[in-house]
Amino acid sequence: MGGLKEELLKAIWHAFTALDLDRSGKVSKSQLKVLSHNLCTVLKVPHDPVALEEHFRDDDEGPVSNQGYMPYLNKFILEKVQGNFDKIEFNRMCWTLCVKKNLNKSPLLISEEDSFKVWVIFNFLSEDKYPLIIVPEEIEYLLKKLNEAMGGVWQQEEFEHYKINFDATRDGLSAWELIELIGSGQFSKGMDRQTVSMAINEVFNELILDVLKQGYMMKKGHRRKNWTERWFVLKPNIISYYVSEDLKDKKGDIILDDSCCVESLPDKDGKKCLFLIKCLDKTFEISASDKKKKQEWIQAIHSTVNLLKLGSPPPHKEARQKRKELRKKMLAEQEELERQMKELQVANENKQQELEQVRKIRQQMEQQVAQKSSELEQYLQRVRELEDMYLQLQEALEDEKQARQDEETVRRLQARLLEEESSKRAELEQWHMEQQQTLQTTEAEKQELENQRMLKERALQEAMAQLEQLELERKQALEQYEGVKKKLEMAASKTRSWKDKVAQHEGLIRLIEPGSKNPHLITNWGPAAFTQAELEERQKSWKGKKSTE
């Protein structure tokens with residue numbers, strides 16, 4: 001209620017300050033009655049004629065003065081406001097009372113309706129102190145939003161130049177100066193009146209009517225299931241839909257709360273870009289014009305529901321509050337800095353006074369010292385002579401002490417050098433003995449290695465001799481194998497010829513051939529060169545020779 005009361009007071013302040021004053025500089029009772037009656041009507045507050053007449057009694061110090069009207073306004077009107085009134089109607093009533101007296105008659109690029117909307121926006125963005133002004137930071141915020149709505153490029157340098165030329169004696173602009181600034185077209189160059197008007201209306205809808213998003217979409221009916229185009233308007237806790245964007249024929253509302261949700265749907269029944277808004281009692285099926293609009297609406301509704309869950313105000317109101325808090329913090333810091341500067345200035349002045357007193361005392365002391373300086377001159381001269389003698393004696397003692405220290409240092413150095421020389425000599429003797437032992441050990445190892453080499457060379461020669469012997473035996477065995485092979489071939493040939501003869505004469509007779517008694521052996525000298533017993537004997541002989549080696 002505090003924020004609503006402050007918004008109402010701003011519009012009422014404009015209307016009140018526009019009332020005519022009588023000769024004594026006060027507002028007439030009849031004008032205050034008319035203003036109060038109009039406020040009760042538009043704010044839907046019950047009239048109380050008795051309280052009104054009693055409060056506006058005629059006296060010199062009575063509530064007819066500016067200060068006296070506020071208690072009545074708070075007690076009998078503002079405290080009874082329930083919030084069920086039409087804000088636009090209320091603002092338009094206050095605007096009607098103040099516009100003729102304050103709006104400059106010079107031609108403007110915006111209509112009176114647009115001027116009214118700028119005036120309402122001014123009350124929303126102005127500081128919470130009177131007389132009402134809008135500070136340069138909020139002017140820049142408003143101009144940027146208007147420029148963005150017009151699709152223009154923001155000229156920051158031009159605005160900085162405007163701020164430099166801003167009246168240094170004031171902290172901001174009044175509502176009428178703001179209307180004149182926007183109506184002059186200084187920051188909307190190249191834009192026609194219709195574009196500027198549409199931009200003002202868009203910003204007005206967002207900041208004043210809390211319109212978070214609006215646009216045409218198709219809605220599926222709950223009864224007939226037909227699709228109808230509607231103009232949707234999203235606000236912090238409701239989505240209203242109308243026949244057209246003139247908002248004259250309202251068709252229904254979608255009440256939003258923290259239980260609502262929005263879901264994307266696939267294309268079906270020839271409809272594209274579908275999404276669903278689920279509420280506690282109803283579900284609404286919507287079709288956007290394209291994928292981008294669909295995503296924008298889903299994101300906007302989702303963000304609105306999240307704000308309801310968190311209990312947060314609309315983004316533009318939260319941003320305005322943060323900007324005001326930041327300015328308030330900076331103002332407090334500036335005031336604190338000014339207070340510290342004043343304290344430092346007072347402390348500096350006190351220090352200056354103390355220094356002045358010290359300077360006077362110093363002058364008095366200098367005069368006393370000057371009087372006694374002549375008496376002390378001779379004494380000081382004698383003291384300087386004694387100091388010179390003392391310094392000379394001190395230097396002589398220091399020289400003697402230094403000489404003794406140098407002598408002691410040289411003596412210690414000699415002793416250390418002798419000790420190091422003795423240590424080095426013992427170390428060299430130790431190294432010499434170790435070298436002799438190392439040489440002896442090396443000679444013995446060398447002799448041992450030579451003996452081993454000779455033994456291995458002798459064993460190698462014996463092995464070579466054995467190898468040659470084996471090679472000779474292998475050749476002899478191969479020759480024997482060749483002879484036996486030839487004999488075997490001759491025998492086989494005879495056997496085949498005999499078999500052929502027998503087969504020719506005795507076709508049914510089958511020769512029984514003797515089989516091999518012993519398994520055939522394969523050696524290096526060929527098959528069946530040795531018997532098994534001979535081969536085992538030779539293996540034993542080879543193993544014996546190998547172990548000997």
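Remember, predicted model here, so these are calculated numbers, not experimental data. We use all heavy atoms of the structure for the numbers below, so side chains are in, but hydrogens, waters and symmetry mates are not. One-based numbering along the sequence shown.
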- Check against salt bridge (Lys or Arg N to Asp or Glu O under 4.0 Å), Glu89 and Arg92: CA-CA 5 Å; Glu89 183 182 357; Arg92 197 172 295 281; over 6 Å; no

- Task: Just say parallel, tilted or perpendicular for the rings of Tyr130 and Trp13, cut-offs at 30° and 60°.
- Result: tilted

- Item | Between Gln295 and Gln299, a side-chain donor and acceptor under 3.5 Å | no

- Is the shortest side-chain N to carboxylate O distance from Arg359 to Glu366 below 4.0 Å? no

- Do Lys329 and Glu325 meet the salt-bridge criterion of a basic N to acidic O distance under 4.0 Å? no

- Message: Do Glu206 and Lys145 have side chains that approach each other closer than 4.5 Å (heavy atoms only, starting at C-beta)?
- Response: yes

- Task: Over 60° means perpendicular and under 30° means parallel, so classify the ring planes of Phe90 and Phe85, tilted if in between.
- Result: perpendicular

- Query: Charged N to carboxylate O below 4.0 Å: is that the case for Glu296 and Lys293?
  - Reply: no

- State, with a plain yes or no, whether a side-chain heavy atom of Asp114 is found less than 4.5 Å away from one of Ile182. no

- Are Asp210 and Lys317 close enough for a salt bridge, meaning some N to O gap below 4.0 Å? yes

- Item | Pair Arg339 + Glu335, salt bridge at N-O below 4.0 Å | no

- Do the charged groups of Glu127 and Arg327 touch, with an N to O distance under 4.0 Å? yes

- Message: Using side-chain heavy atoms (C-beta onward) and a distance below 4.5 Å, is Val118 in contact with Phe204?
- Response: no

- Message: Taking atom CD as the centre, does Gln378 end up with more than 12 heavy-atom neighbours from other residues, nucleotides or ligands that are less than 6.0 angstrom away?
- Response: no

- Do you see a donor-acceptor pair shorter than 3.5 Å between the side chains of Ser264 and Lys294? yes

- With side chain to side chain contact (heavy atoms under 4.5 Å, CB included) as the test, would you mind laying out the steps for Asp281 and Ile255 before giving the verdict? CA-CA 10 Å; Asp281 55 346; Ile255 306 301; over 6 Å; no

- Message: To the closest 0.5 Å, what do you measure between CE (Met150) and CG (Asp192)?
- Response: 10.0 Å

- Just wondering, are more than 12 heavy atoms of other shown residues or ligands nearer than 6.0 Å to NZ in Lys75? no

- Find out whether Leu132 and His14 are in side-chain contact, i.e. whether some heavy atom of one side chain is under 4.5 Å from a heavy atom of the other. yes

- Compare all side-chain heavy atoms of Gln156 with those of Lys144 and state whether any distance is below 4.5 angstrom. yes

- Taking the side chain as C-beta and beyond, is there a heavy-atom pair between Cys94 and Trp119 under 4.5 Å? yes

- Query: Looking just at side-chain N and O atoms, do Asn123 and Ser126 make a donor-acceptor pair shorter than 3.5 Å?
  - Reply: no

- Query: With a 6.0 Å cut-off on ring centres, are Phe275 and Trp297 close enough?
  - Reply: no

- Is Asp267 reaching over with its side chain to a backbone N or O of Cys273, donor-acceptor style, under 3.5 angstrom? yes

- Task: Take Gln340 and Glu336 through the side chain to side chain donor-acceptor pair (under 3.5 Å) test and state the conclusion after the steps.
- Result: CA-CA 6 Å; Gln340 293 178 0; Glu336 176 64 18; 3.2 Å; yes

- Is there side-chain contact between Ile200 and Leu146, with at least one heavy-atom pair below 4.5 Å? yes

- Item | Contact check, side chains of Glu137 and Tyr141, non-hydrogen atoms, under 4.5 Å | no

- Any idea how Phe187 and Tyr162 line up, ring-wise: parallel (<30°), tilted (30 to 60°), or perpendicular (>60°)? perpendicular

- Message: Regarding Lys10 and Asp128, does a basic nitrogen lie under 4.0 Å from an acidic carboxylate oxygen?
- Response: yes

- Quick one: do Arg384 and Glu377 make a salt bridge, cutoff under 4.0 Å? yes

